[in-house]
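Read through the structure below, which is laid out as structure tokens, and then see the notes.
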Amino acid sequence: MEMRIALCSYSQKEKETALLMKLGKVDRFDNGVFCVYAMQREGPYDAVVIMEDGARGMNFCMSIRGYSKDVPLLWISDQAEFELQSRRLRVDDFWVKPVTEYQLREAVSRLLQGKRGSNESGEEEKYE
């Protein structure tokens, strides 16, 4: 079964969308409420990627976590100071831009593996 990935960003992310499409079916949302609505109608995503900075990104995270505590969630922001907030919101992985295509693919792959229960090692790699 094909993995379903939600990409949440206010701006168009053609390159990132194309990259994520190699991992599964991608739905792009410019509003956290629309993403939650899609989850209510069609079931949870295998991973949600939030590519938005600062308070806007935090709002996406709050919308998603308000609906689902379990969906694997990656937040990519340009502000490292939001990492503490990401932990409070139980974001699974938080990255600070710039993030390479390889790093994005690997981070989402890890989220998807965790969803499948195949990531047993408990080790996390962090790229600076």
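For the single chain, residues carry numbers from 1 onward in sequence order. Being a predicted model, the structure only gives us computed values, none of them experimental.
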* To do: Could you walk me through whether V91 and L74 pass the side-chain contact (heavy atoms from CB on, under 4.5 Å) test, one step at a time?
  => CA-CA 6 Å; V91 171; L74 166 65; 5.9 Å; no
* Out of curiosity, does L73 fall in the hydrophobic cluster containing M62 (side-chain heavy atoms, cut-off under 4.5 Å, transitive links)? -> yes
* Structure fact -> Of all heavy-atom pairs linking A107 and D93, the shortest is CB-OD2, 4.4 Å
* **Close side-chain approach of S68 to P44, heavy-atom, < 4.5 Å** => no
* Do K97 and D53 sit within salt-bridge range, that is, some charged N less than 4.0 Å from a carboxylate O? -> yes
* Does any N or O in the side chain of R28 come within less than 3.5 Å of the main-chain N or O of K13, such that one atom is a donor and the other an acceptor? -> no
* Structure fact -> Heavy atoms of F60 and N31 approach each other most closely as CE2-C, 3.4 Å
* To do: Output the distance between atom SG (C35) and atom OH (Y45), rounded to the nearest 0.5 Å.
  => 5.5 Å
* Which heavy atom of A80 sits nearest a heavy atom of F94, and at what distance? -> O-CE2, 4.2 Å
* Between M21 and V108, is there a shared hydrophobic cluster once you connect ILVMFWY residues whose side-chain heavy atoms come closer than 4.5 Å? -> yes
* Single-linkage hydrophobic cluster V33~Y10, side-chain heavy atoms < 4.5 angstrom -> no
* **Evaluation steps, side chain to side chain donor-acceptor pair (under 3.5 Å), between Q85 and R88** => CA-CA 5 Å; Q85 190 64 29; R88 285 192 194 117; 2.9 Å; yes
* Asked: Do I64 and M39 come close enough that some side-chain heavy atom pair is under 4.5 Å?
  -> yes
* Asked: Any donor-acceptor pair under 3.5 Å linking the side chain of Q103 with the backbone of T100?
  -> yes
* Asked: Would you say R4's side chain and G43's backbone share a donor-acceptor pair under 3.5 angstrom?
  -> yes
* Asked: Could you give the distance from NZ (K69) to CG (L89), rounded to the nearest 0.5 Å?
  -> 9.0 Å
* To do: Could you tell me the separation between the OG atom of S109 and the NZ atom of K22, rounded to the nearest 0.5 Å?
  => 11.5 Å
* **Side-chain touch L112/I5, heavy atoms, less than 4.5 angstrom** => yes
* **Atom pair CG/CD of L7 and E52 - distance to nearest 0.5 Å** => 10.0 Å
* Asked: What pair of heavy atoms forms the shortest contact from G54 to S77, and how long is it?
  -> N-OG, 3.3 Å
* Asked: From M58 CE over to S63 OG, what is the distance, rounded to the nearest 0.5 angstrom?
  -> 10.5 Å
* To do: Mind running side-chain contact (heavy atoms from CB on, under 4.5 Å) on E16 and M51 for me, showing each step along the way?
  => CA-CA 9 Å; E16 291 84 355; M51 298 190 82; 3.6 Å; yes
* **Heavy-atom donor-acceptor pair, W75 side chain to E83 backbone, under 3.5 Å** => no
* Side chains of M3 and L23: closer than 4.5 Å at any heavy-atom pair? -> no
* To do: Return yes when atom CZ of F34 has more than 12 non-hydrogen atoms of other residues, nucleotides or ligands closer than 6.0 Å, and no otherwise.
  => no
* **Electrostatic pair R56-D78, nearest N-O below 4.0 angstrom** => no
* V96 versus V99, closest heavy-atom pair with distance -> O-CG2, 3.7 Å
* Least distance between heavy atoms, E2 atom then G24 atom -> OE2-C, 3.8 Å
